[in-house]
Amino acid sequence: MCGIVGYNGKNKAVDILMDGLSKLEYRGYDSAGIAIFDKDIEIYKAKGKLVNLSEKLKDKDLNGTCGIGHTRWATHGEPSENNAHPHISNDGNVTLVHNGIIENYQELILKLENHKYKFYSETDTEVLTNIIDYYYKKYKLGPIDAINRTMVRVRGSYAIAVMFKEYPGEIWVARKDSPMIIGQNKDGVYVASDVPAILKYTKNVYYIGNMEAACLKKDKVIFYDLNGDVIQKELKRIKWDVSAAEKEGYEHFMIKEINEQPEVIKRTINSYVLDNKIDFSKCGLTRDKLKSYKQIYIVACGSAYHVGVCAQYVLEDLTRIPVRVEMASEFRYRKPILNKNGLVIIISQSGETADSLAALREAKNQGIDTLGIINVVGSSIAREADYVLYTLAGPEISVATTKAFSTQLIVSYLLAIEIASAKRKINKKVYNNLLKEMVLLPDKVQYILDNLTKDIQRIASKFSHIKDAFYIGRGLDYAISLEGSLKLKEVSYIHSEAYAAGELKHGTISLIEDNTLVVGIVTQNNIYEKSISNFVEVKSRGGYMLIIAPEDLNINKVSNHSLIIPNTINYFYPSLTVIPLQLISYYITVSKGLDVDKPRNLAKSVTVE
Ligand code: AGP
């Protein structure tokens, strides 16, 4: 998954492109490149992070006011300057940047080699430049015809920005499945893979649909459908502000976003709870509709999947209807048997994760209602789902999700309470008490940030050398330990596993030896003793028990180090226990001196399979 950006207007394009790419670097940082049109198209590329390209451009005098740029997350072809974008067609007629994957690129290479095209890189993207050039030269009907024929011919996902030698000062764009947003202000027209890249310049954006294309002129945008007919688009306004995409004095976006959680949790609750009543009418989900569902399926990837595992416990316990949680990459190819009176919930921060998008389409193909719990407004999953409940976390820049995770938990709780109430599984009193406790969560999260951060920072440095760690718990504590373990793995590169505490003695406890770090989570008072006895077993094997528990549960005898959090009700503890779990991962990673916001081999949202 890469980041593309483009600008065509009155100002020097190089500054706007480099600034935009710096805001998209969380999408990939294996190489970067730009193409600027001045008298001719000039291309500059560099392997590695954007700073390497800035270095190259330092003494270049680029005055062109039209250009495209790219930051790469390598899928086809190793990170190298040769594989970096922009790519050009054999005779330089077509210059292009691409985000996505062309699945039938090998077949197209053979076709194009039969037409004397040569290939210099290992990328699937270079095929796009030459196949567009091929149609452009064969039918001589201009850029839109060449691009539309290409969209029909290629299989896969793409967001592309293209410059044609014979159409100087114009940028042509098209997309299928990969994200793209087009912005406009008095100084010109902007295109990007994500909002943060253009937020500094405009909040007025167009959403371009699947298999649609557009021509970006200096002062206007012309949209085309697949027949090459001009189509109209409405300019929409984005609510996020620029500062949301800046670090605001924090060392890393991850710690900034961790500290934003009280505010975004409050914002998300307030957007759905009015006068102590949950209101989903904004997305058209009525109580009658919610009442009708006999089965729920939650489908997602990575951390979003972990929200699903937490939500399963709360939904089943409150609504008494069966809930299945599925990994999207498995769900989409497993030909799942879905209950016609079911609801498929897709959870996704970016709304662009390829496997989750495909799972959504699988459910829709089977005629099952679909609900997206999404953070990025106007993203593909948000646009294709029957219903959407937006989380109000704001733009999340750090690859490791934190604040979006917390707002997804809140929306899941609200959904469980509203379905249970619609099905008369809970009465008004329970309903009110649940909401009363939920609105206390932001302050309890703030309490944890204010009172545990220093302590966690201190102990984390003790663990910067470890090779392995374990996270254990029961019930909802097991569900959230999955997230704690992933957070540590993805940013600190320390091998870690999460286990249902009761499972340990069936094998894994053999891995516990002196000072093995075991993070134990115990909040569920109905299974408290069971968890404690598992912690005792680990400690007796020499494990170092770092335990997270609420004030009212006594853990001092069994813990080597205790992290005490405020009390709440069993359902809501994941919203509190996840905070110290995030802080442990962050501070261990900082103590290892690693790049917290851009962990190796990862990208913010995975728009390829
Ligand atoms: C989490 O920190 C990771 N970035 C990753 O597991 C992520 O949760 C997963 O890729 C799903 O992304 P989405 O929420 O944007 O669909």
Side-chain angles (χ1 to χ4, degrees), residues 1 3 25-29 73 99 157 177-179 193-196 252-255 257-258 261 298-311 325-332 344-360 370-385 388-391 393-409 411-412 480 482-493 496 498 578 581-586 589 595-609:
M1 183 219 46
E25 231 190 340
Y26 63 85
R27 304 173 63 85
Y29 25 89
W73 189 59
N99 166 30
S157 61
D177 292 346
S178 291
S193 298
D194 201 351
V195 172
H252 300 103
F253 279 109
M254 185 175 178
I255 192 66
E257 290 158 2
I258 287 174
Q261 293 180 102
I298 303 175
V299 188
C301 303
S303 291
Y305 169 80
H306 296 153
V307 171
V309 179
C310 295
V325 187
E326 308 256 359
M327 289 174 188
S329 53
E330 290 298 312
F331 179 89
R332 62 179 296 185
V344 171
I345 302 175
I346 307 286
I347 304 178
S348 175
Q349 187 285 128
S350 61
E352 301 291 353
T353 301
D355 289 324
S356 304
L357 182 57
L360 170 82
T370 55
L371 163 65
I373 297 180
I374 308 295
N375 192 49
V376 176
V377 177
S379 55
S380 303
I381 296 174
R383 272 183 280 147
E384 295 186 26
V388 183
L389 292 173
Y390 281 116
T391 54
E396 191 174 64
I397 307 295
S398 179
V399 168
T401 185
T402 53
K403 60 177 182 172
F405 182 93
S406 288
T407 56
Q408 290 160 356
L409 278 177
V411 171
S412 309
I480 202 65
L482 292 165
E483 178 58 11
S485 174
L486 176 63
K487 277 279 103 42
L488 184 73
K489 275 185 279 212
E490 68 176 315
V491 286
S492 75
Y493 317 151
S496 160
V578 75
L581 292 172
Q582 294 164 347
L583 291 168
I584 290 166
S585 308
Y586 174 73
T589 305
D595 187 337
V596 173
D597 287 333
K598 292 187 215 116
R600 70 187 181 201
N601 308 342
L602 288 182
K604 182 61 185 169
S605 85
V606 184
T607 53
V608 290
E609 277 190 63

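Each ligand, and each atom within it, is numbered from 1 in the order the structure gives. What you see is a predicted model; the values in this text were computed from it and never measured.
Short contacts between ligand 1 and Thr401, defined as distances under 4.0 Å to a heavy atom of the residue, involve ligand atoms 1 (C), 2 (O). For ligand 1, the atoms sitting less than 4.0 Å from at least one non-hydrogen atom of Ala400 are 2 (O), numbered in the order shown with element in parentheses. Those atoms of ligand 1 that come under 4.0 Å of a heavy atom in Ser350, given as number and element, are 13 (P), 15 (O), 16 (O).
Proximity of a side-chain donor or acceptor of Lys403 to a complementary backbone N or O of Ala393 within less than 3.5 Å is detected. Using modelled atom types, no side-chain atom of Asp355 and backbone atom of Ala328 make a donor-acceptor pair closer than 3.5 Å.
Residues Ser605 and Gln349 have side chains that never bring a donor and an acceptor to within less than 3.5 angstrom of each other. Gln261 and Ser406 share a donor-acceptor pair across their side chains, judged by distance under 3.5 Å alone.
For atom 8 (O) of ligand 1, the nearest non-hydrogen atom of the protein is Ser303 N, 3.1 Å. Atom 9 (C) of ligand 1 has Cys301 O, 3.7 Å as its closest protein atom, hydrogens excluded (heavy atom only).
Polar contact check, Glu490 against ligand 1: a nitrogen or oxygen pair lies under 3.5 Å apart. Residue Ser356 places no N or O, backbone or side chain, under 3.5 Å from any N or O of ligand 1. Between Ala603 and ligand 1, a contact under 3.5 Å exists for no N or O pair.
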Candidate pair Val606 and Cys301, rule side chain to side chain contact (heavy atoms under 4.5 Å, CB included), full reasoning: CA-CA 9 Å; Val606 184; Cys301 303; over 6 Å; no
Audit row: Val399, Val596, side chain to side chain contact (heavy atoms under 4.5 Å, CB included) steps and yes/no: CA-CA 8 Å; Val399 168; Val596 173; over 6 Å; no
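In this structure, Lys487 has a heavy atom closer than 4.0 Å to ligand 1.
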